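Accompanying notes for the structure given below.
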Amino acid sequence: MADREERRFAEVPRESVKLVAESAGVELGDDVAALLAEDVCYRLREATQSSSQFMRHAKRRKLTVEDFNRALRWSNVEAICGYGAQDVLPFRSIKEGELFFVEDRDINLVELALATNIPKGCAETMVRVNVSYLDGKGNLEPQGTVPSAVQTLSDDLLKYYQQITRAILGEDPHLMKVALLDLQSNSKMAALLPYFVYVISGVKSVSHDLEQLNRLLHMVKSLIQNPYLYLGSYVRSLVSSVMYCILEPLAASINPLNDHWTLRDYAALLLSHIFWTHGDLVSGLYHQILLSLQKVLSDPVRPLCSHYGAVVGLHALGWKAVERVLYPHLPAYWANLQAVLDDYSVSNAQVKADGHKVYGAILVAVERLLKMKALSLSRPAEGARGPGAGRQDPGPPPGHRVSSPGLSPPPEPLSEAALGIASHLQAGGAGCPWEAWRPVPLPAMYGELYSFFGDSLAVRFSTGPGAEGAGAGGAGGVSPPRALPQLGMAAKDPPPGPAHPDTARKMPQLTANLSLSPRRDGSPRATGPAPPSLAATGLSRPLARSSSSSSSSSSSSAQRSRASASRAGQRGAGPSRDVFPKARFTAPPAGGGAPTFAFLIGGRQMGRRCQGRRPFLTAFAPAAPAPPSLTSSSSSSSSSAIATAPPPPAPPLPSLPPRTYAHKLPVIGRVSKPVHRGALSHYSLHLPL
Amino acid sequence: MAAVQSGQIDTEEEKEIKSETSNDGSRNNSSNDGRPLSVSPGTTSSGGSVKSSSGTTEEQQTLLAVLQFLKKNNLSESVEILRREAGLSEESEDQKGSESSATGSGAGNKDMGGGDASSLLSRVSIASSPVTAVAAQAPSKVGAGDDRPDVNVVLSAYSQQGDPALYDVYYSGLKKFIESVLDCHRAELSQVFYPLFVHMYLELVYNNHESESKAFFEKFSGDQECYYGDDLRILSSLSKKEHMRGNETLLDFRTSKFVLRISRDSYQLLKRHLQERQNNQIWNIIQEHLYIDIFDGMPRSKSQIDAMSGSLAGEAKRDSNKAKVFYGLLKEPEIEVPLDDEDEEVENEEGKPKKKKPKKDSLGSKSKKQDPNAPQQNRIPLPELKDSDKLDKIMNLKEATKRVRLGRDTLPSICFYSFLNAYQGLTAVDFTDDSSLIAGGYADSTVRVWSVTPKKLRRVKSAADLSLIDKESDDVLERIMDEKTASESKILHGHSGPVYGISFSPDRNYLLSCSEDGTVRLWSLQTFTCLVGYKGHNYPVWDTQFSPYGYYFISGGHDRVARLWATDHYQPLRMFAGHLADITCTRFHPNSNYVATGSSDRTIRLWDVLTGNCVRILTGHKGPIHALAFSPNGKFMASGATDGRVLLWDIGHGIMIGDLKGHTDAIYALKFSRDGEILASGSMDNTVRLWDAFKAFDELETDDFTATTGHIHLPENSQELLLGTYMTKSTPVIHLHFTRRNLLLAAGAYNP
């Protein structure tokens, strides 16, 4: 045993023993711990020795958890449950404690026991014989190859596979719908899963064809929603296909007429859906995906559409992802974006339009972040103290229920998934290699974001409670994010006392509001009103903003209060309305018009998500006459899409005269051409948004 | 594993077991007090070793001690039983024998022919009264051995000690001396190193010289032979006195003397050296813990020594392999020729003329002449042939005539049975002798049986349906089967742990399976239900096998005891105790009079079924033995171990005659061709290798010198014997089988 020196036994350090003892409520001395540690090592070695014979007799080379448990059981030690899975269990580390642990999630046994969606179609154990060697020499097949039919597909299954793929990728939309529906509910196609996954991975070869990409993504959705399928490791392949659609500068996006934005939105939605519904499978991927999104976002060479993808991707992964990745990156990224947006040259028009898309996406993401953060802060505060500084809490409980940003996820796994991802994020945050990250308090965050987005942000944030607050106090519009006063926005009066209880009381409303917002917020990025505001204030650095904030904020607050009366009913209106005043061109006459318009677009966004936005484009070309029909369709789709949230804005909408939209429409167009060519509104309508 | 218990629990357990045994005794009063033996592996082994080595007076003494112990614990019933069992006369034995035959049939009344079987058994018990007496020693030792203080006594042998600092000096002094002696003695004396090292280390550990023991280990563990690596690893993890309690490997070292074979000259040399140096420390160890088997004559060479060493307790003593073994085959029963002829005529019509007559004659004549080495036909009672058995024999003979004669130049064709999608983990495979069925044991505790032929597996109809059948009709056997249940495979549920071994009965009516749950189960292949669960091993049972004549079967497991059972008795007929570690595989000799067991103590033992004695101890493997195979003529045996080597043994002389190197991983399957000319070995390294057994056995001339001294001369190059290496499709080979026509079937589970 000459090599004994290098083959030392693994040893359990004294500290671990102490830690375990502490967790059991016992304080151990050093020498006791050392003795125990040694004994533990010995017992472990002994158990390992005896477990190896179970391995040998099972004629395996790999020692399994099962073997070890048998050894434990036979030596009258309780077996350790819960580690029977074939997959490796990733150890997570906590930096401070030098601790490693395995994530241990609660499992609802009732659900498990009553589950009907047990995957079927596992191939049966069978014996197959083949003549390997004739007379000891003839080698019928090359030596050492893998058996041919490890899992045979029946003819029926093959036929099914052909039919389905043909239908989905074929021309007939009706057939496709049927095929997708079946894919979503068929319980007997588990064996085909690898084949479908392979087909889906073909996204990379059809990046020029939006239609095909879309169909493939729908296929992903169907597979994900099929309750009988256990995706297992294939989920990774699916995720990578989806990520491709989100992030890559697809060939299709070269032509501005192609609506690849919708595709990216849809893909992001799918991504979030995967995470909500299959959180257990992909939790290991979460960190990786965040990193790749971050990489794209921080790469200035990438086209804006990739950036857009990264932002919507982050948005889809939840507000914590936004907080972790997008928010810290914003200052750096803002400079680039602004450069694009500030360039009014004709040649830049296309790029700038893209830039507005990105801007809008960021705004949506950031707003949701603020709202969620406020919400998560207020919840604990509610219980502990009423008007206290609840926002100073370092962080919300990780398991805080966060409503899904995208499709409404299936009801039961939601909370669990949320817990899993959020806790993962926390764990990953501690051990992650990125720059040290610490949660930014809400006020500071709001302040910084406000410096970027100006009032559009503020108003949105305050919408819910602001409606009443505005009535009560002078500066009530800003009350809910109690952040503002502390921000150093000296011009603003601190909100009156009553505002606090008000906030607390209003929070539930905010929630309802919130699940709407991501969608509705889609609008500003389309309208892209930012550059004017920036131009007006003339600042690019976040902090510089505070100096000039007094003027702009006072003006905005004035406007807000002015608008508040009319806005009371239609909250969503706020943002774009606030943007417009700062536009280079004359501010709209206030009131009704602008907000409604914003909402309209929001509605459209929603509809877009569900159906694609072609109707919008075609409808819009003739400018004036189109909107009415649009309005109704979009509003209906919005309400159907958000089944969970009460749609407060819906009622006022239809009452608005279509003319208002027509009147306001040029504003969108102003983003590019009209700026230079004068206010020829209908030109702008041809812009591919 | 069993030994990690605190003393407190232990005594309680012991009480329980004791009371259990007494209940047992009072209930069936059976001749076979096997049950108590299963108390604890460590102690039983101690019992076994004592049994085999001690004289009668010692037995008497231990018996007395046990009786006293039992009395002290108010176990009067046990005392009576024991007394009656051990000391006493033939008539009491007789009485018990008949009793047991009466009571024993309760467990499994199967169709072995009720009255017939019980009479068989009574013959067994009467004939073997000395065995039962011997077996009774074992429980007695358990009483003593299970006593915690007794283990302490065992350990306290280490309490005498010298200066811990001097151990180093002693050992290196001896080392220096041995290195300086003549070459011819050096190899022999070097054998002393390992046991000496172990015991010195343990002494240091026992006396709490932790740092010294560690230093001692560091310094000298590198000198030991590499094949002791596994044991050294266990030893090195021992660093405290507390660890020594309950460590099985340690108990093995303590309870059995390490056996060395040294020539007289070398021994004298060593003795003189130690006496000159006044090296009492080492001398004490040699006296106490080593058994030196001195022989006269030339010292052995290094390679000779290496070939034989490697087992947990050194080599086998020479006299342990002296007993006569009747390795010849039993005479085949005469089978009426007319039936055969009729069939033959049919065959002739089909166009397979001639050839057959002479062959059959030769076969017939072979079976007629009595092999001088064969045991008496009725040495152990065997079940009588049923009509169906005779039919099968005829089939066998007919197939045999079409058998391919294998040899160096005509190698067998190989078919591989791959178990696909065996997520559950395939742990054991068996074929029926006629290759019509294949069964797999799985880690998920199921047994699955497949029909290899187009004939599907069918279940017998239910009792209600059976009553409707016309019993007089010619095809009644066909009618009792339920067509609705026909399927290619059947799953047998019943075990509660991985199934580690399975075996078909020769008549294909039954299937045996043994499992981690400590039971052996007998399944009917007519109804596909479990008939009997044989409980006796209280620990995992690693292997089981039917006797070639059916009725009996052998099982062996973690409790280090092999048990011989009859299918219609729920208690074992014999218990074979003596191995120092788990029994990993069990095989019947073709004449059913002997069983071979391989163990993870790296020895093979051959046991006489009639007497229960261990008649051969074969050492030489360097790893746990997982495969055994007897040659069809019963003269030779092959064994395969995790070290990847196949060893060949001459049973009559009890010596190693071949060492086949080639496999790179553990060997799990060995099989001789039907004529015994080819040996096939299957391994975890995904290969099947074929070896020229004919050559290996043919060139053998065993002179008397070798036979008496046990010195072996192995052929230098085993590669000449290797006829071919055949890769599987990345599938470990866990079973091999030659069909009656010498087609080689291999089986394993494909695991991607």
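Every chain is numbered from 1 and lettered A, B, ... according to where its sequence line falls, protein lines coming before strand lines. Here the structure is a predicted model, which means the values were calculated and not measured.
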Please look at A/Leu44 and chain B and tell me whether the side chain, the backbone, both or neither of the residue comes under 4.5 angstrom of a heavy atom of that chain. neither
Contacting region of B/Thr584 [heavy-atom separation from chain A under 4.5 Å]: both
Find the one option among B/Gly441, B/Gly724, B/Ala428, B/Pro498 whose heavy-atom pairs under 4.5 Å with chain A are most numerous. B/Pro498
Answer yes or no: is there an ion pair linking A/Lys18 with A/Asp30, defined by an N-O contact shorter than 4.0 Å? yes
Is any side-chain N of the basic residue among A/Lys62 and A/Asp67 closer than 4.0 Å to the acidic one's carboxylate O? no
Is B/Arg448 close enough and on-axis enough to B/Tyr442, meaning under 6.0 Å and within 45°, for cation-pi? yes
When the 4.5 angstrom heavy-atom criterion is applied to B/Asp543 and chain A, the contacting part is neither
Side chain, backbone, both or neither: which part of A/Arg73 has a non-hydrogen atom closer than 4.5 Å to chain B? side chain
Quick check: does any side chain N or O of B/Thr687 sit under 3.5 Å from a backbone N or O of B/Thr725, one acting as donor and the other as acceptor? no
Output yes when a side-chain donor or acceptor of B/Thr410 lies under 3.5 Å from a complementary backbone atom of B/Gly407, and no otherwise. yes
